[in-house]
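What follows is one structure encoded as structure tokens, with my remarks underneath.
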Amino acid sequence: MVKTILRQVKEFKRDSLLTPVFMILEVVMEMVIPLLMAAIIDEGVSKGNMTYICQTGAVMLLMALLGLIAGMLGAKYAASASAGLARNLRGSMFENIQSFSFANIDKFSTAGLVTRLTTDVTNIQNAYQMILRMCVRAPFSMIIAMILAFMINAELAGIYLIAVAALGGCLFFIMSRAVRYFNKIFPKYDDLNASVQENVSAIRVVKAYVREDYENRRFTRASENIYKMFSKAENILTWNAPLMQCTVYGCILAISWLGAKMIVMDELTTGQLMSLLAYCMNILMSLMMLSMIFVMVTMSMASAERIAEVINEKSSLSNPQNPVMEVPDGRIVFHHVDFSYAQNSQEPVLKDINLEIKAGETVGIIGGTGSAKSSLVNLISRLYDVTAGSVSVGGNDVRTYDMEVLRNQVSVVLQKNVLFSGTILENLRWGDKNASEEDCVRVCGMACADEFIERFPDKYNTYIEQGGSNVSGGQKQRLCIARALLKKPKILILDDSTSAVDTATDSRIRKAFATEIPDTTKLIIAQRISSVQNADRIIVMDNGRVADFGTHEELLASSEIYRDVYESQTKGGGDFDEEKGGGR
């Protein structure tokens, strides 16, 4: 875990090394000043030597100036190193997330990934800056102050040892109690982010159902949990300050009383007593800094584990050693395919699937919700790997292809249509970044999207809000279909992608597919039989199996499931789910 985090320091190693150097220089300057102050009192003030006072004062001023410069440079390089580490951590996590398969994505919640990229990285950034500065400064300052105190007077310096041991034990006990609460806080942040994300993305539904009060209570509950955890931890930490003050004042009183007796007996000078008091504050404040560092580092360890988990996560899918770099055609073959989302699942989602689909064929897929229609097509572009059997495209097992090559030739319009913030043209060019405006207009005509785009004042330069919130569901679906067509794929998969489109528009889109892309294999998942009845063949899915496979006429004659649904829909009934139910 630590190695994973430190590997991200990369080009900021120089800044990370310079920070401790300047912090040590600052400490040395600070430690010299009390000695010079003692010399001024003993050699200058007591003897009335004004020249010595001025000379030593000038040296003190120079030491203070050097310490100030060293401290500023230390802070500058620490800020650069910690901010650089945070930038690299976010970059590495985000880059690795892009390589995740759907199985990897299922493992992490969206809110959890957001927390890791924001709150957890900020914790690491603050802790790293604290380590570079205070983890060097505090112990170094304490050690030097202790050595110099013993050089001045070992008897009085012994008081420091007793105070440090007592205070250190108390602080360690307090910190260990507080850390337990800090470790529980970060999962609570995931809950809070999940509440915010869900509320903002579904704000229209919240308002439509007048659920603002419910959402407010839900958010308040998540926020309250974090507040309670922090309050418990901070209530424990409040003992730090009074313990520190009691120890400091106790040391000052003890040193002043014993020191005064020694001055009277000529065993100690006034200047030396002043230095010892200064070192007292240095030692105990350094100990307090170390205790706070301990808390911050412990807090950041939980964050570091969560970040390292994302960075070290390996995609469950990978390219073979010598991948096939060309997809010959759109032939699809399923050979005794079983599939489960979880490796230890007792019941597979897909069971013994055997299918042969010709290149250029239009195949409809119909079945109840949960009959595993989406799971079936997800295997074609290798969004998941089969559990058993094989899926072939163009005569080659999909596992032998370079994944980028395969996915560029298998264009999928998923159930959840996603548009990104940007113009319509920018969204369309996700299909082909080099596409001309004429190409974009052509595919929009095929997807029947041109009719509403032309009504926008800015036409193809119309800005799409995040998530496509300023276009309707049907418009969003047609833009996503156009984007998929722009890839010029050998296989086009529409996963219930015309559900929000009226039947007339749906019919025009299917006719455009038949005339414009006859060589592209088209798989159309639908709930409406009217959307697939003109397909070359139709797959009827039921509970993860292929129940029937044939033309519309063949299925009407031989498939009881298909015939029942067809009759219910043509007689004014509902969709497939009213006749058959099922899973994913």
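We count residues from 1, following the sequence as given.
In summary, Arg306 and Glu309 do not engage in a salt bridge, as defined by a charged side-chain N under 4.0 Å from a carboxylate O.
At least one donor-acceptor pair closer than 3.5 Å links the side chain of Asn319 to the backbone N or O of Met403. Formation of a donor-acceptor pair under 3.5 Å by the Ser82 side chain with backbone atoms of Ala79 is found in this model. Checking side-chain atoms of Glu215 against main-chain N and O of Glu212 turns up no donor-acceptor pair under 3.5 Å. When atom types are taken as modelled, the side chain of Ser223 and the backbone of Phe219 share no donor-acceptor pair closer than 3.5 angstrom.
The minimum heavy-atom distance linking Thr387 with Ser340 is given by the pair OG1-N, 2.9 Å. Val310 and Asn96 get closest at one heavy-atom pair: O-ND2, 2.7 Å. Taking every heavy atom of both residues into account, Val21 and Leu17 meet most closely at CG2-O, 3.4 Å. Between Asn427 and Gly422, the shortest heavy-atom distance links the atoms ND2-O, 3.7 Å. Minimum interatomic distance between Thr220 and Asn216 (heavy atoms only, all atoms of both residues): OG1-O, 2.7 Å. The two residues Tyr341 and Val349 make their nearest non-hydrogen contact at CD1-CG2, 3.5 Å.
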Per-pair distances, 0.1 Å, donor-acceptor, side chain in residues 262-270, under 3.5 Å, sequence neighbours excluded:
{"from": "Thr269", "atom 1": "OG1", "to": "Asp42", "atom 2": "OD1", "distance (Å)": "3.4"}
{"from": "Thr269", "atom 1": "OG1", "to": "Asp42", "atom 2": "OD2", "distance (Å)": "2.6"}
{"from": "Thr269", "atom 1": "OG1", "to": "Gln272", "atom 2": "N", "distance (Å)": "3.1"}
{"from": "Thr269", "atom 1": "OG1", "to": "Gln272", "atom 2": "OE1", "distance (Å)": "3.3"}

May I have the list of side-chain donor-acceptor pairs in residues 142-158 shorter than 3.5 Å, sequence neighbours left out?
{"from": "Asn153", "atom 1": "OD1", "to": "Glu155", "atom 2": "N", "distance (Å)": "3.1"}
{"from": "Asn153", "atom 1": "OD1", "to": "Leu156", "atom 2": "N", "distance (Å)": "3.0"}

Sequence neighbours excluded and cut-off under 3.5 Å, please list the side-chain donor-acceptor pairs for residues 31-40, or say none.
none

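Here the straight-line distance linking atom CD1 of Ile5 with atom OG of Ser300 works out to 9.0 Å at 0.5 Å rounding. The distance from the CZ atom of Arg14 to the OG1 atom of Thr19 is 9.5 Å, given to the nearest 0.5 Å. To the nearest 0.5 Å, atoms CD (Gln125) and CZ (Arg87) are separated by 12.0 Å. Atoms CG and CZ, on Asn378 and Phe339 in that order, are 7.5 Å from each other to the nearest 0.5 Å. Atom OG1 of residue Thr118 and atom CG of residue Asp120 lie 7.0 Å apart, to the nearest 0.5 angstrom. Residue Leu89 holds its CG atom at 13.5 Å from CZ of Arg116, rounded to the nearest 0.5 Å.
A cation-pi arrangement, defined by a distance under 6.0 Å to the six-membered ring centre and an angle within 45 degrees of its axis, is present between Arg211 and Tyr214. Taking the centre and axis of the six-membered ring of Trp257, the NZ or CZ atom of Lys261 falls inside the cone set by 45° and 6.0 Å.
Within 6.0 Å of atom CZ in Phe420, more than 12 heavy atoms from other residues, nucleotides or ligands are found, so the atom counts as buried in its surroundings. Enclosure of atom CD in Gln98 by more than 12 non-hydrogen atoms of other residues, nucleotides or ligands within 6.0 angstrom is indicated. Atom NZ of Lys314 is surrounded by 12 or fewer heavy atoms from other residues, nucleotides or ligands within 6.0 Å. Other residues, nucleotides and ligands contribute only 12 or fewer heavy atoms inside 6.0 Å of the CD atom of Glu404.
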Begin with the C-alpha distance, continue with both residues' side-chain angles, and end with the deciding distance and a verdict on side chain to side chain contact (heavy atoms under 4.5 Å, CB included) for Ile159 and Leu258.
CA-CA 10 Å; Ile159 296 173; Leu258 293 173; 3.7 Å; yes
Lys10 and Gln8: side chain to side chain contact (heavy atoms under 4.5 Å, CB included), yes or no, with the steps?
CA-CA 5 Å; Lys10 296 178 182 176; Gln8 302 306 317; 3.5 Å; yes
Before you tell me yes or no, could you show the steps for Ile464 and Thr423 under side chain to side chain contact (heavy atoms under 4.5 Å, CB included), namely the whole-Å CA-CA distance, both residues' side-chain angles and the distance that decides it to 0.1 Å?
CA-CA 6 Å; Ile464 301 295; Thr423 64; over 6 Å; no
Lys76 vs Asp15, side chain to side chain contact (heavy atoms under 4.5 Å, CB included): CA-CA, chis, key distance, verdict
CA-CA 9 Å; Lys76 172 183 177 295; Asp15 291 357; over 6 Å; no
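The stretch residues 128-145 participates, sequence neighbours left out, in these side chain to side chain donor-acceptor pair (under 3.5 Å) pairs: Ser16-Tyr128, Glu26-Arg137, Glu30-Arg137, Ser141-Ser286.
A side chain to side chain donor-acceptor pair (under 3.5 Å) with Ser303 holds for exactly one of Thr122, Asn123, Thr115, Thr119; it is Asn123. The side chain to side chain contact (heavy atoms under 4.5 Å, CB included) test with Ile307 is passed by exactly one of Leu117, Val121, Asn312: Val121.
For the residue pair Asp495 / Ser374, a side-chain donor-acceptor distance below 3.5 Å is found, with atom types taken as modelled.
Every residue meeting the side chain to side chain donor-acceptor pair (under 3.5 Å) condition with Tyr401, not counting sequence neighbours, appears here in chain and number order: Asn396. Applying the salt bridge (Lys or Arg N to Asp or Glu O under 4.0 Å) criterion to Arg429, with sequence neighbours excluded, gives no partner residue.
Inter-residue side-chain proximity for Leu379 and Leu350 is flagged as met; some heavy-atom pair is nearer than 4.5 Å. When side chains are defined from C-beta on, Asp338 does not count as touching Val386, because their heavy atoms never get closer than 4.5 Å. Using a 4.5 Å heavy-atom cutoff, the side chains of Asn88 and Glu11 are in contact. No side-chain heavy atom of Phe12 sits under 4.5 Å from any side-chain heavy atom of Leu85. Put simply, the side chain of Leu419 reaches to within 4.5 Å of the side chain of Arg483, judged on heavy atoms. With a 4.5 Å cut-off on side-chain heavy atoms, Ile236 and Lys232 do not count as touching.
Classified by interplanar angle (parallel below 30°, tilted 30° to 60°, perpendicular above 60°), the ring pair Tyr77/Phe22 is parallel.
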